Amino acid sequence: MDSGSSPYDAGPVLFPTVRFAVFLVVVFLGSWLTMPHPRRWRWFMLAASYFFYGAWDWRFVPLLAGLSLVNQSLALAIAKAGPPRRRQLLAVVVAADLGTLGLFKYYGFFASSVANLATSLGFSNPLPLLRLVLPIGISFITFQALSYVIDVYRGSLPPAPWLDFAVYLAFFPHLVAGPIVRGSELLPQFRKPADPRRIDFTKSSGLIISGLAKKIVIADLLATSIVEPVFSAPASHSAFEVLVGIYAYSVQIFCDFSAYTDIAIGVAGLLGFRFPDNFNRPYAATSIQDFWRRWHMTLSRFLRDYLYIPLGGNRGGKAATYRNVMLTMLLGGLWHGAAWKFVLWGGLHGVWLAWERWRGEATSPIWWRRVRTFHLVTFAWLFFRAPDLATVGEMLGRLTDWGPAPAVGPAVLAAIAAGIGVQYLPADLGERVRKRFSTLSPVWQGGLLALALLVVDSLGAPDVAAFIYFQF
Amino acid sequence: MENGQRPAGQVLVTMVAGLALAGFFNAASLAGTARALPIDTWYGPVAVVVAEAVETASHWLLLDRPRTGLDVALGRNHPPPAPTSDPPPPTTTKVPELAPTTTSVPRNPTPDDPVRLWIIGDSLVQAPGELLANLAAESGVLEATLDFKLVSGLTRPDFFDWPAHIETTVLHLDPEVIVAMFGGNDGQSVDVGGKILVKWTPEWLAWYRPRVAEAMGALEGDGRHILWVGLPIMRNDTFTEHVRLLNEIYAAESQLHDHVLFVDIFDLFADASGSYADYLTDDEGTLRLMRADDGAHFTTAGGQRLANLVYSMIVSSFALK
């Protein structure tokens with residue numbers, strides 16, 4: 001829109017845009033030129049990352065800088081303090097990070113809920129109805145900051161120098177939607193400059209191209225063709241359209257989110273850094289527990305190490321384990337937003353995880369376990385995507401109303417089939433393709449990349465939508 | 001090099017060469033993106049010049065052929081068709097020869113003979129449009145088609161030509177009622193015969209008004225009923241002032257078209273004091289967030305508020321129950 005927020009304006013540096021391609025080439029050049037001079041490289045990367053973040057909204061940059069300042073100050077203080085004071089300082093930093101997250105993420109919901117309650121009781125509204133714009137990627141930033149300070153508190157990570165920590169928190173490839181990279185994974189890489197003669201171009205470019213294909217060709221196509229129409233106006237659609245819309249969202253969210261992290265990992269690889277994997281064919285999982293080992297793996301790991309285990313994990317008997325699983329999943333659901341639908345989504349996964357633990361080892365055929373797990377996960381996504389619980393009911397109600405399904409075309413079915421099919425490709429296929437690609441001369445590699453971009457742009461949806469996980 | 005590893009210089013050359021070649025392959029698409037940039041910025045005209053040069057070179061070198069071939073194979077070599085499953089009409093059909101449009105309002109629509117509703121506009125119409133389509137479907141006697149184009153408007157036909165799209169689409173959709181909402185992206189300076197008309201100046205407003213008249217005329221045809229939805233108050237004060245200017249044009253122009261009704265929603269999203277409000281009370285008396293983070297687009301609750309208003313106007317026009 002106009003006056004500073006027009007879609008025609010330069011706008012954010014989204015991964016699948018020409019703008020990002022130009023940004024990446026400039027940063028690639030600057031990064032490798034400054035790499036032999038560690039201090040210069042840090043300042044360069046910090047400036048580039050702040051520019052990348054500020055392209056969304058320059059007001060977010062002081063917040064990012066402020067979070068870096070607060071967390072690093074307290075991490076250094078924790079490292080120096082004695083045991084009782086360390087704990088107090090940790091409480092302060094956890095409160096500061098979660099308070100920041102909560103303020104931006106939940107204040108509006110909380111204030112309007114209080115206002116509604118006050119009105120119903122005949123009182124005036126006690127809280128101002130401020131609209132705080134959610135800074136992009138705030139969850140990922142605070143989670144990484146928290147993991148760093150907690151690791152320092154636990155003694156598993158020495159505090160980093162100021163500049164290293166600022167670059168770690170702001171490093172643009174993971175800044176807005178993960179993967180959640182721990183300090184222990186990235187900070188040591190900053191201390192040892194990467195070798196400019198050994199860039200894993202084959203793997204990095206492969207991840208970037210496959211990410212672009214998943215995002216532009218599959219996720220955006222499904223979003224505009226079927227998911228958005230069905231979830232926003234279920235009454236306008238027949239049972240088959242609603243059913244396909246539900247499956248389509250399952251594929252869309254995988255392709256969208258995994259695309260972002262694939263590109264992030266690929267971009268980091270081009271700059272000489274290794275990020276942890278975030279997805280491993282999650283819709284081929286044979287149980288819900290297996291699903292969470294394969295889906296958003298860095299968040300699962302974060303929740304396990306900083307929430308589930310501190311809650312007691314599985315050390316307090318069966319009942320305590322079930323409680324801890326439920327609490328972890330409910331809080332994981334609530335993290336996505338202040339809405340009952342997210343709580344229900346997390347609760348469903350919690351119940352299924354607890355049930356699997358209670359049931360023990362499954363004996364049913366593997367194909368059945370895969371089908372069952374995929375359908376349970378897809379059913380839960382319905383709650384996640386629908387704007388409210390009333391829409392969930394309306395969509396389920398539509399499943400009996402069969403009729404024409406003009407929204408379900410061959411392109412939609414092909415995109416769904418492709419999104420599910422990639423989960424079952426041979427595990428070593430990517431490696432084989434990479435090996436073959438790596439034997440080609442740079443001329444052929446450049447040509448093949450151009451051809452891949454041609455096909456992706458041709459097949460893709462005309463408008464690039466923001467990544468789903470930007471909102472969290 | 002082992003395991004696909006390459007030196008940085010070689011990677012840079014491969015990357016730049018690959019991107020450049022991709023730019024030549026996708027030159028037309030690139031040029032379209034460049035043309036959508038504002039022309040009163042330093043980067044807009046530069047991007048257009050570069051992209052058009054690439055487009056020309058690509059055509060000359062035949063590098064645009066693979067893309068053209070793919071587009072033809074995918075059926076994307078024409079402007080985007082209207083969102084309907086009906087086959088497109090023959091291109092030789094002239095507007096006057098169309099099946100007669102239904103112009104008698106009110107009439108008594110039935111599930112077998114529903115009122116055909118077409119909802120069009122830019123991204124602002126997406127949320128209310130989807131919810132209005134849902135209300136229409138629930139009514140059983142309204143058949144809605146939502147047709148929005150992100151970042152589009154009436155000032156940049158070089159990016160998306162709404163009047164042309166309208167002329168093409170009404171041929172086969174034959175809507176009886178059209179809900180149109182434009183303007184959110186229209187605040188852009190334009191190049192008119194080499195002269196830049198700076199947005200919001202009197203010259204620009206004088207140029208813009210005929211664009212609105214043209215769109216209204218194309219929509220109205222020989223008697224379709226148009227609900228031209230104005231723009232709401234915005235969080236940004238400057239934007240709000242511009243919204244007032246646009247709404248004045250829409251209101252004035254609608255007076256000149258017999259079948260165009262201007263729906264003023266400026267105050268629908270204001271609080272009791274007339275100021276912009278993110279939170280407003282819905283029909284059930286619950287305070288809800290109405291506007292998106294940008295202070296312009298609607299949330300689901302905001303979209304529902306607008307959809308309810310427009311739906312009630314359609315219901316009263318057609319005496320629907």
Side-chain angles (χ1 to χ4, degrees), chain A residues 1-10 18 21 24-25 28-29 32 108-109 112 115-116 119 129 131 133-134 196-203 205 228-229 232-237 270 387-388 404 406 434-435 437-438 442-443 445-451 453-455 457-459 462-463, chain B residues 1 3-8 10-19 21-22 25-26 29-30 33 36-38 41 43 66-67 70-71 74 76 80 85 123 127 130-131 133-134 136-138 144 146 150-151 184-185 187-188 234 236 238-239 242 278-279 286-289 293-294 296-297 300:
Chain A
M1 296 285 118
D2 109 357
S3 298
S5 59
S6 168
Y8 289 112
D9 287 349
V18 175
L24 178 60
V25 168
F28 179 89
L29 187 61
W32 285 109
F109 176 80
S112 60
N116 282 325
T119 307
L129 286 170
R131 182 70 206 279
V133 176
L134 186 69
R197 294 163 304 173
R198 303 179 71 86
I199 299 173
D200 197 345
F201 179 62
T202 301
K203 185 179 179 189
S205 58
E228 282 168 16
S232 48
S236 312
H237 295 90
L270 287 177
D388 47 45
R434 279 199 286 270
K435 205 168 179 180
F437 184 82
S438 66
V443 174
Q445 288 184 342
L448 279 177
L449 289 179
L451 274 177
L453 290 172
L454 164 70
V455 174
D457 198 54
S458 298
L459 294 176
D463 299 308
Chain B
M1 283 286 166
N3 302 323
Q5 293 178 329
R6 303 265 181 199
Q10 206 175 84
V11 170
L12 181 67
V13 171
T14 308
M15 248 178 11
V16 172
L19 286 170
L21 190 56
F25 282 153
N26 295 315
S29 169
L30 208 61
T33 306
L37 295 169
T41 57
Y43 54 85
R67 176 63 190 252
L70 271 171
D71 285 347
L74 294 165
R76 292 185 178 177
S85 56
S123 57
E130 286 168 344
L131 294 156
N134 206 39
E138 285 172 351
L146 174 61
L150 301 181
V151 301
N185 299 309
Q188 296 188 69
M234 303 289 181
N236 182 295
T238 311
F239 196 1
H242 296 153
D278 283 309
Y279 291 88
T286 306
L287 200 61
R288 290 196 186 281
L289 181 63
D293 275 350
D294 60 6
H297 290 87
T300 302

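Just so it is clear, the model here is predicted, and its values are computed rather than measured. The chains referred to below are lettered A, B, ... by the order of the sequence lines, with proteins before strands, and numbering in each begins at 1.
- When the candidates B:Thr300, B:Leu19, B:Thr14 are compared by the number of heavy-atom contacts under 4.5 Å with chain A, B:Thr14 comes out ahead.
- From B:Leu21, atom CG reaches atom CG of A:Leu454 across 9.0 Å, with rounding to the nearest 0.5 Å.
- At least one side-chain heavy atom of A:Leu451 sits less than 4.5 Å from a side-chain heavy atom of B:Phe25.
- In terms of heavy-atom pairs under 4.5 angstrom with chain B, the leader among A:Pro229, A:Ser112, A:Gly108, A:Ala235 is A:Ala235.
- The two residues B:Ala22 and A:Ala450 make their nearest non-hydrogen contact at N-CB, 3.6 Å.
- Ranked by heavy-atom pairs shorter than 4.5 Å toward chain B, the options A:Gly447, A:Pro234, A:Ser205, A:Ala115 are led by A:Pro234.
- Judged by distance alone, with hydrogens and angles left aside, the side-chain atoms of A:Ser236 form a donor-acceptor pair with the main-chain N or O of B:Ala133 at under 3.5 Å.
- For B:Arg6 (side chain) and A:Ser438 (main-chain N/O), a donor-acceptor pair under 3.5 Å exists by modelled atom type.
- Considering every non-hydrogen atom in both B:Tyr279 and A:Phe109, the closest pair reads OH-N, 4.2 Å.
- In this structure, the portions of A:Pro442 lying under 4.5 Å from any heavy atom of chain B include both its backbone and its side chain.
- A:Asn116 places no side-chain N or O within donor-acceptor distance of the main-chain N or O of B:Thr286, the cut-off being under 3.5 Å.
- B:Leu287 places none of its side-chain heavy atoms less than 4.5 Å from the side chain of A:Thr119.
- For the pair A:Trp32/B:Leu12, no side-chain contact is recorded, criterion being any heavy-atom separation below 4.5 Å from C-beta on.
- Annotation: the span from B:Met15 atom CE to A:Leu24 atom CG amounts to 5.0 Å, rounded to 0.5 Å.
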